[in-house]
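Each chain gets a letter, A, B and so on, in the order the sequences are listed, and its residues count up from 1. Since the structure is predicted, the reported quantities are computational estimates derived from the model, not experimental observations. As a basis for the values below, the full set of heavy atoms in this structure was taken, side chains included, without hydrogen atoms, waters or symmetry mates.
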Amino acid sequence: MAEQVDDGALAHLNPAQREAALTEARHNLILAGAGTGKTTTIVARIRHLIRNGTPPDRILAITFTRRAAAEIRSRVQGDAATASSTQGVAAMTFHGWAMREVRGAPDVFGYEGWSVLDQEDQQQVMRGVLGRGKRVEGLKAAQIVDVLSFAHNTRRTLADAIRVKFPDDAIDAKAIGAAVRAYEQRKQERRYLTYDDILRVFAARLADDAVAEWVGSHYDEILIDEMQDTNPLQWQIIDPLVPHTRFYCVGDDAQSIYGFRGADFASIHSFRDRVPGARVLKLEDNYRSTQEILDLSNWLLEQSPLGYDKKLRAVRGRGAKPELHSFETPADEAGFIAAEMLRARRDELPWATHLVLVRTNYSGRAIEARLVEYDIPYVFFGGVKLLESAHVRDVLSALRVVANPDDEVAWMRLLTLVPRVGDVTAARAFDSFLAARSGGASAREARASALAGMPAWLAAGLDAIEEAAKRVDDAVGRAAAMLQPVLAHKYRNENWEARARDLVHVERLAASRRSILEFLEEYILSPVFTSEMEPESQQDHVIVSTVHSAKGLERDWAFVAGASAGSYPSARSLGDLDEVEEERRVLYVALTRARDRLVVTRTVSHTPVRAWMGSAGMDVLEDAYFLNTLPERLVEEVPHVVARPSRPAPPPGLSAPAEVDLSIDLGDLE
DNA sequence: GTTCGCCTCGTCGTA
DNA sequence: CGAGGCGAAC
C-alpha cells in the first residue's frame, strides 16, 4: 500500500521542502517565498499523509481559487497508478468549504433553501432599499455594500469601517446605519445570504465548542494555501477548530494583495501566538526564475519601509536581464507585446510561453484587442465571470424564481425581460405575489397571481422548469428556450451569437448538479471566467491575467504591462502607507511570475492618469512611482517613445490666418 | 405614467 | 461593459 503512493515525489524535494512535507508538529506555518515550490510542498505533504495512513477524505485543502483547487487535486492524484488511492481529497475555497458544512448539516446550521447573492445582486437589493434617490450621504448602493462587507471581513463595527474607508469625508454614519438595517431586513425576508453571511453563519456556530469539535472531527488535517490573504472573519473560523484538528498553513507576507478584502498579512507574523505550539518553517530557494529576475524583485521589496526580511535566491542561476520598455500610448504598448509573441511564434515557441499581467480588468482590454487583431489565441483570467454576464443572469433568473420564490431580485429581472414590462409593472406583479403569499397562498398559487397580466409562455415556461428541477441542465435548457426570443432581441446589437454559446456552456456546467440552488451556489462561490469556456482554452494559448488572478501562475516569459507612474502605486492609494505597500506587493507578485524573460512595459506620456491629475498631481505620482529610482544595472532599458520633431515657431505675421473660402466654383451654373 | 432606446460616463482587485 | 440620465414614443 505504502509504495503505491510513494512516487518518489519526496526524492525531488530539497531539504527544506522535505522537512516541511514531513513535519510532525501538530500545527505548522510554512513561509514560502515566490517560486519556492509552495504547491509542490503542499502536494508532497498531502501524499505523505495518505501514505502514512490518513484517509484522503479526512484531508481538506483550502485554496484561493477554483483553479488552484483543481491543480492540487490533479497533482495529488498524480498518474493512473496512484489516482485511486488518493481519491477523495477535498480541495476548495473558504466559501466553498463553509457552504459545504452549512448545507451538509441543516439541522446544525439552518438556512435551508436560502439563496446566495453575489455582489451585483447585493447592490440590487441595496438599491431597492435606497429607493428613489439611490444614494445616502452621497454613497451609492455599491459603496455601502462594499463598506458593509469590509466591516464583516475585518470584524469592525459599521461606524469604524466607514471611518477607515472614507477618512476624509464627513459622513453621518447613522444614515448609513439605517440603510444597512433596512437592507438586512430585506435579506431576511427574501431569504438571501451574501458571501460574507456564509462565512459568518459558519463562524457563529463554531463559537459553540460542541459544534467546533464535531466539525473538527471530520478532518485529520486542514491545509490552507495563501495564508497571508486570510482575513479576520476567516480566522474566526480557524480559531475554534485549532484544538480539534491539525492546521498546515502556507503563505508569504510579501505576496499579500487582498488587504482591500480585509486580509492582514501581519497575522502570519503572530501565527505562533494565535496557534499555540505551531512550528514555523521557511522555504527560500527559488526554482522558478533566473537570478536577474529575482534581483529586480528583491530590489523592489528592499525599497519598502516595511522590513520583509526576504531575499530570494535563484537555484537556476543567471539569465537575461529584465527589460523595461517605454511607450507613448497603451495601444503602442499592447502592439509591442503582441508583436513579441508573433516573433516568438516564428521561432516555434508555443503560445503558452507567454503570460501578460495587467493591473485592472479595464487595462487588459487594450491587450485583448491586439491579440484579437493579430489572431493570437488567449484566455483572460479576471474580467467577466460566466454567471455574472447579463444574458446568463437573465436565464438564471427563471431558475431562481422556481428555486426560491421569494427571490425578488430574480423576479424583477425575469419580469422586465417581458416586452412592455418595465420596473413599475414588474414591481406591481411582485407585489401581488407578496399579497397572495401573505394571504396564505402556496408558492405556486402566489406565482400564478404574479403572472396574471403576463404572457402565457412565461407561466408555461416556469412550470416546465419546475418539472425539470431535478435535472438542472435540463432546467437551464428550458429556461434558455423560453427566453430565446426576448434575449435575441435584447442583445441583437451586442454579440448575441457569442452569448448564445455561453448559454450552452451554462447548460453543460449544470449537468449532474443535484438541485438548482446547489448549482447556483457552486458557481457563485467559485466562479468560472467566460473566457475559460471558450474553445481557445482547450488548445495552446497565451494567458492574460490581472495580477490578483495570477496567484500561483508562472510562464517562461512574463509581460508586466502598464507599469507606469500613476499605476504602481495607483493614484488612489497615495497618502496611505498600507495601501501603497500593498501596491508594491502587487507589482512584486507580477515580477516573480517570469521564469526566463521578464518584460516590463509602461507608457510615459499619454497615461489617462495624467489627463485628470494635471501636471502638478503628476509630480506627486512620479515621486511615489516605484520604478523611478530603479538602478540602471538591474534592467535593460528600451525606449520606444518617438520624439516628436520640433518645428520652428511660425513668424508672427502668419499666426492669424484669414478664413479660407471653402465653397466650390459652380462654373457656368451661376 | 411607463417603456425603451440612445448616449455618456467611470471603471482597482475577488470569493 | 454596466449604470444611470434624458428624451421620444407608446
In whole Å, I'd like the distance from the CE atom of A:Met99 to the P atom of B:dA15.
17 Å
Selection from B:dA15, C:dG2, B:dC12 that lies nearest to any side-chain heavy atom of A:Arg499:
C:dG2
To the nearest angstrom, the CZ-P distance between A:Phe529 and B:dG13 comes to 11 Å
Report the distance from atom NE2 of A:His548 to atom C1' of B:dA15, rounded to the nearest whole Å.
13 Å
B:dG13 pyrimidine/purine six-ring stacking with A:Tyr258, under 5.5 Å and 30°
no
Looking only at side-chain N and O atoms, does A:Arg261 come under 4.0 Å of OP1 or OP2 in B:dT14?
no
Just the rounded figure in Å: distance from C1' of B:dA15 to CG of A:Asp197.
13 Å
Rounded to whole angstroms, how far apart are CG on A:Asp146 and P on B:dA15?
15 Å
Out of B:dA15, B:dG5, B:dC12, minimum distance to the side chain of A:Lys385 belongs to B:dA15
Closest listed nucleotide, where the reference is the side chain of A:Arg428 and the choices are B:dA15, B:dG5, B:dT2:
B:dT2
Candidate pair A:Asp394 and A:Ser397, rule side-chain hydrogen bond (donor to acceptor under 3.5 Å, both in side chains), full reasoning:
CA-CA 5 Å; A:Asp394 289 338; A:Ser397 68; 5.7 Å; no
May I have the step-by-step check of side-chain hydrogen bond (donor to acceptor under 3.5 Å, both in side chains) for A:Tyr192 and A:Asp407, ending in yes or no?
CA-CA 8 Å; A:Tyr192 287 141; A:Asp407 190 338; 2.5 Å; yes
Are OP1 or OP2 of B:dC12 and a side-chain N or O of A:Ser363 less than 4.0 angstrom apart?
no
Tell me: CD of A:Glu120 to P of B:dT14, nearest whole Å?
15 Å
Applying a 4.0 Å non-hydrogen cut-off, can you work out what A:Arg393 is touching in the nucleic acid: base, sugar-phosphate, or nothing?
nothing
What's A:Ala390 touching, base or sugar-phosphate or nothing? Going by heavy atoms closer than 4.0 Å.
sugar-phosphate
Between C:dG2, B:dT14, B:dC12, which nucleotide has the shortest distance from any of its atoms to the side chain of A:Glu494?
C:dG2
Just to be sure I understand the rule, does A:Val421 reach a base, reach only the sugar-phosphate, or reach nothing, if contact means heavy atoms closer than 4.0 Å?
sugar-phosphate
Do you know the tightest heavy-atom contact between A:Phe433 and A:Ser449?
CA-OG, 4.2 Å
Closer to the 5' end of DNA chain B via nearest nucleotide, is it A:Ala426 or A:Ser570?
A:Ala426
Base, sugar-phosphate or nothing for A:Ser549? Non-hydrogen atoms, less than 4.0 Å.
sugar-phosphate
Please compare A:Gly422 and A:Phe260 by the position of their nearest nucleotide in DNA chain B and report the one closer to 5'.
A:Gly422
Ignoring the backbone of A:Thr93, work out which of B:dT11, B:dA15, B:dT14 is nearest its side chain.
B:dA15
Over-ring placement of A:Arg513 relative to A:Tyr523, 6.0 Å and 45° cut-offs:
no
Begin from the C-alpha positions of A:Glu333 and A:Thr601 and carry the test side-chain hydrogen bond (donor to acceptor under 3.5 Å, both in side chains) through to its verdict.
CA-CA 7 Å; A:Glu333 189 184 9; A:Thr601 65; 2.7 Å; yes
If you only use heavy atoms from C-beta on, which nucleotide in B:dA15, B:dT11, B:dC4 is closest to the side chain of A:Thr65?
B:dA15
Closest to side chain of A:Asn361, choosing from C:dC10, B:dA15, B:dT14
B:dT14
Both conditions, 6.0 Å and 45 degrees, for the charged tip of A:Lys385 above the ring of A:Phe529: are they met here?
no
Interatomic distance, A:Gln124 CD vs C:dA3 P [rounded to whole Å]
7 Å
Tell me whether the side-chain N/O atoms of A:Arg365 come closer than 4.0 Å to OP1 or OP2 in B:dT11.
no
Mind checking if A:Arg420 touches a base, just sugar-phosphate, or nothing, with heavy atoms under 4.0 Å?
sugar-phosphate
Quick one: label A:Gln119 by what it contacts on the DNA or RNA (base, sugar-phosphate, nothing), any heavy atom closer than 4.0 Å.
base
Less than 6.0 Å separating the ring centroids of A:His548 and A:Phe260?
yes
Distance, rounded to the nearest Å, where A:Asp576 contributes CG and B:dC12 contributes P:
17 Å
How is A:Thr425 classified with respect to the nucleic acid when contacts are heavy atoms under 4.0 Å: base, sugar-phosphate, or nothing?
sugar-phosphate
